[in-house]
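Chain letters run A, B, ... following the sequence lines, proteins first, then strands; residues in each count from 1. Just so it is clear, the model here is predicted, and its values are computed rather than measured.
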Amino acid sequence: MRSRRGATRQPSACSPRPGYVLVIAEKPKAGERIAGALAQGRPVKCRWRGVPYWVLWRDGSTLVVAPSAGHLYGPYSGERGYPVFSYEWRPLWEFERGSAHLRKFHEMLARLSRGARLYVNACDYDIEGSVIGYMIIYMLGDPRRARRMKFSTLSPLDIRRAYERLEPLDREMVEAGMARHELDWLWGINLSRALMDAVRRASRRRVILSAGRVQTPTLVEAVRRWRERNLHVPKPRFRLRLRLEAGGVEFTAHPRGWEPGSREEASRIASELRAEASLRVSSAGAVERILRPPPAFNLGDLQSEAARIYGYSPMKTQSIAENLYLEALISYPRTNSQKLPPTIDYSWIISRLAALKAGGLGGLAARLLSEARGALRPVQGRKDDPAHPAIYPTGELPRRALSRDEWRIYELIVRRFLAAFSRPARVASTTLVLVDSRGREYEARGVEVVEEGWLAYYHYTRPREGLVPLLKQGEEARILGVSYSTEWSRSSVQLSKSSLVKWMESVGIGTEATRARIVEILFKRGYLESRGGSTVVTGLGEAVADTIEELVPIIAGPELTRRFEELLESIRRGARSRVEVVEEAKQAIRNVVEGFKSRIDAIGERLAVSMGLIEPESRCPICGRESEPGAPAGLCRLHRMALDRLASELPVIASRLGTNIRGALEAIARRGEAGRWVSEAARAALEVPELMSYLARRARPPR
DNA sequence: GCAAGGTC
């Protein structure tokens with residue numbers, strides 16, 4: 001009986017005689033590629049309870065390629081209480097919520113392991129892949145009869161080459177990977193239990209709290225940004241705007257390198273200018289910039305573009321991308337790479353995309369093919385990934401109508417992919433410098449896209465255009481009008497899911513697959529909340545961040561990850577052992593827990609107050625948070641901080657506005673640009689004499 | 001139940 005791939009099962013082929021080579025892949029998709037590359041002839045696709053594996057023949061041996069689905073094992077402890085230092089590696093399906101589907105993978109691998117003469121770890125060539133494959137071989141097979149396959153892409157050539165050059169098991173890499181799991185487990189479980197215990201003792205309530213190497217620094221950063229935003233004191237600036245005309249073209253100019261220092265000065269200069277008829281051009285220059293095409297997306301770039309353009313959360317973008325991947329429309333999305341390797345058949349993919357009907361994408365693909373005339377070389381970004389290339393469309397076309405959200409993400413990926421093959425764009429910018437009769441300089445700028453290039457494919461980063469007339473030095477521009485406006489500075493600090501994910505990436509914590517998920521955990525724990533489309537930190541989030549910064553500063557910032565990296569590197573080099581490193585961590589955690597327990601009542605009380613579980617002794621009259629000892633009028637720490645910031649900024653603001661302290665305070669109390677605690681403190685100071693005199697004592701006149 | 005990391 002002949003069978004087509006995947007169509008029919010062949011019972012005899014699917015239960016090969018013992019003595020075969022078992023090749024373990026990290027996931028089904030990779031297994032399929034590996035089987036296809038290694039088979040001489042066609043691999044036979046088999047299933048066990050729905051999980052695929054492949055049987056094939058190569059140089060007279062039988063190979064069975066069987067996939068895992070990521071990690072099948074992890075540290076587990078049945079022990080309650082803390083500190084907890086004993087654990088063992090157990091199958092995840094036995095104890096982890098949401099891992100039930102791993103059971104059939106585990107059983108399939110257990111069955112196939114029995115008849116193998118050789119085990120090959122063919123998981124992704126990175127630290128986690130080494131652990132995934134090794135644990136399966138260790139638990140179900142025999143590490144003494146095992147080898148490692150090392151390949152950097154899933155191209156048939158790389159896979160075949162890796163199989164011809166099997167290497168010994170990478171034991172040091174595995175030890176480093178296991179150490180990573182164990183260290184994260186020990187720190188995370190113990191600190192989380194300590195926090196929960198503190199609240200339970202203070203309030204008799206059970207609440208789920210957590211801390212960890214990645215989530216806690218992210219929370220601390222969110223708190224820092226939250227405070228910065230809410231403590232923002234806006235400052236007024238005065239912006240002069242001149243409407244000019246020359247040669248029939250109207251345009252706008254602004255002061256160049258100076259600005260009016262006060263409202264009074266702005267008003268005086270405006271009337272002086274109104275009395276003049278024209279400005280003289282002192283110099284004119286044009287420069288042309290070349291904008292290189294952006295590289296194809298990695299997950300982080302895709303997440304931030306989807307957030308910028310459509311307001312999608314990183315988690316939403318990620319799960320949409322995962323669906324597109326599972327439907328074979330795009331390549332593997334959990335990648336850090338901005339590079340497209342030369343081994344992929346791009347002209348085939350782009351010709352397939354030319355058949356896309358919706359959204360004009362097909363037309364763009366066809367246009368690219370005719371523009372490129374066979375020379376398809378993508379730009380390469382700087383970032384790389386050991387296991388995967390940048391995200392690209394596979395050339396498979398959607399078989400069903402995509403939802404609006406799915407289509408948007410798919411379109412972003414396709415457009416960005418096409419742009420990577422296109423030509424640079426050229427943008428001309430013109431700068432006119434003009435002077436008035438008193439020698440003050442003004443500037444007018446024009447921007448024009450001279451050659452579209454890649455902007456035709458990825459138009460989301462098109463520069464804003466505007467024209468200025470082509471004038472020469474000495475020529476004049478007529479003044480049509482002069483105005484000035486007061487602009488209050490806004491806080492430039494961002495706080496959103498997307499900005500937190502970006503921050504994590506910039507300091508190197510978390511991975512492509514986990515960053516968005518860990519930000520969601522901060523919301524789930526009640527540390528962060530979405531209110532009216534923006535992200536806020538809750539009182540609980542602040543209390544947890546402050547508590548950990550005070551008691552366990554090592555885990556409050558990205559430094560612990562750096563420390564981990566050094567330790568893991570030393571294990572990989574063979575300079576240190578996993579046991580040694582883990583024992584050291586246990587000692588550090590033992591000390592931390594001891595310190596925590598000695599102050600557990602105070603910690604628990606602070607956390608419980610922040611959650612509203614127990615009453616504080618005295619509350620801030622503005623917000624109801626716990627009062628800070630010694631603060632004026634019983635303010636909390638945050639409103640006291642806001643008051644102090646006001647005190648230091650008010651004198652300058654008053655002089656710019658040409659008013660006194662009270663006048664400046666009144667202006668700030670109404671400004672939407674002011675941080676929330678600042679405007680609240682300003683309003684309170686206008687009403688409560690004690691606060692006003694506190695301010696007056698601290699507000700020093702400007703030098 | 002609690003981490004972070006794989007992947008479905």
Side-chain angles (χ1 to χ4, degrees), chain A residues 24-31 49-52 67-84 87 89 91-93 95-106 123-124 126-136 176-200 206-219 318-319 321-323 325-327 332-335 387-388 504 509-522 524-525 544 548 555 560-561 564 568 585 589 593:
Chain A
I24 296 156
E26 186 157 319
K27 47 189 170 280
K29 268 258 150 65
R49 295 198 180 170
V51 178
S68 182
H71 285 290
L72 285 191
Y73 299 89
Y76 168 81
S77 174
E79 220 174 278
R80 297 153 72 100
Y82 71 102
V84 48
Y87 51 81
W89 284 71
L92 292 175
W93 67 263
F95 62 90
E96 194 166 84
R97 245 189 322 115
S99 297
H101 65 286
L102 294 179
R103 182 172 190 170
K104 46 187 193 287
F105 283 88
H106 190 239
C123 295
D124 293 351
D126 54 30
I127 189 169
E128 299 297 334
S130 292
V131 174
I132 292 169
Y134 177 81
M135 284 308 294
I136 290 166
M178 292 178 74
R180 204 278 306 147
H181 282 256
E182 295 172 17
L183 293 175
D184 273 329
W185 189 89
L186 286 165
W187 279 103
I189 300 296
N190 282 300
L191 282 182
S192 301
R193 288 186 182 178
L195 287 171
M196 290 186 277
D197 183 46
V199 172
R200 191 163 56 230
R206 285 178 183 274
V207 196
I208 297 179
L209 299 177
S210 62
R213 172 177 59 85
V214 179
Q215 65 169 261
T216 302
T218 308
L219 173 64
Q318 182 167 340
S319 50
E322 273 159 16
N323 280 337
Y325 162 71
L326 291 176
E327 295 197 28
Y332 190 75
R334 289 185 289 248
T335 173
H388 310 281
M504 295 166 85
I509 61 175
T511 67
E512 291 301 319
T514 58
R515 285 178 200 126
R517 200 194 305 169
I518 286 171
V519 168
E520 294 297 329
I521 287 174
L522 298 177
K524 197 170 163 197
R525 297 276 174 271
V544 168
I548 293 187
I555 206 174
L560 189 59
T561 295
F564 270 34
L568 302 191
I589 292 167
V593 166

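Aromatic ring orientation, A:His106 versus A:Tyr73: perpendicular (interplanar angle above 60°, classes split at 30° and 60°).
Considering only side-chain N and O atoms, A:Tyr73 lies nowhere under 4.0 angstrom from the phosphate OP1 or OP2 of B:dG6. The side chain of A:Arg206 places no N or O atom within less than 4.0 Å of a non-bridging phosphate oxygen (OP1 or OP2) of B:dC2.
Regarding A:Ile521, its CD1 atom lies at a distance of 12 Å from the C1' atom of B:dG1, rounded to whole Å. Here B:dA3 presents its P atom at 10 Å from CD of A:Glu96, a figure rounded to the nearest Å. Whole-Å rounding puts the A:Leu219 CG to B:dA4 P distance at 11 Å. Per the geometry, CG belonging to A:Leu522 stands 14 Å off C1' belonging to B:dC2, to the nearest Å. In this structure, A:Glu79 atom CD and B:dG1 atom C1' are separated by 15 Å, rounded to whole Å.
Side-chain N or O atoms of A:Gln215 include none that pairs as donor or acceptor with a backbone N or O of A:Leu522 at under 3.5 Å. Side chain of A:Asn190 to backbone of A:Leu186: a donor-acceptor contact under 3.5 angstrom is found. Looking at A:Ser192, its side chain does come within 3.5 Å of a backbone N or O of A:Ala211 through a donor-acceptor pair.
Looking at heavy-atom distances under 4.0 Å, A:Ser210 makes contact with sugar-phosphate atoms alone, never a base. Counting non-hydrogen atoms under 4.0 angstrom, A:Gln215 reaches the backbone sugars and phosphates but no base. If you check every strand for non-hydrogen atoms under 4.0 Å, A:Arg515 touches nothing. Using a 4.0 Å heavy-atom distance criterion, A:Ile518 is classed as a sugar-phosphate-only contact. At a threshold of 4.0 angstrom between heavy atoms, the contacts of A:Glu182 with the nucleic acid are absent. Backbone-only contact: A:Gly510 has heavy atoms under 4.0 Å from sugar-phosphate atoms and none from a base. Counting non-hydrogen atoms under 4.0 angstrom, A:Tyr87 reaches nothing in the nucleic acid. The residue A:Asn190 sits apart from the nucleic acid: no heavy atom pair falls under 4.0 Å. At the heavy-atom level, A:Leu92 lies under 4.0 Å from base atoms of the strands shown.
If you check distances only, the side chain of A:Glu512 never reaches the base of B:dA4 with a donor-acceptor pair under 3.5 Å. For A:Arg334 against B:dG6, a side-chain-to-base donor-acceptor contact under 3.5 Å is absent.
Of the candidates B:dC2, B:dA4, B:dG6, the closest approach to any side-chain atom of A:Val214 belongs to B:dA4. Checking B:dG1, B:dG6, B:dA3 against the side-chain heavy atoms of A:Glu128 singles out B:dG6 as nearest. The side chain of A:Ile208 lies closest to B:dG1 when the candidates are B:dG1, B:dG5, B:dT7. The side chain of A:Ile189 has B:dC2 as its nearest neighbour among B:dT7, B:dA4, B:dC2.
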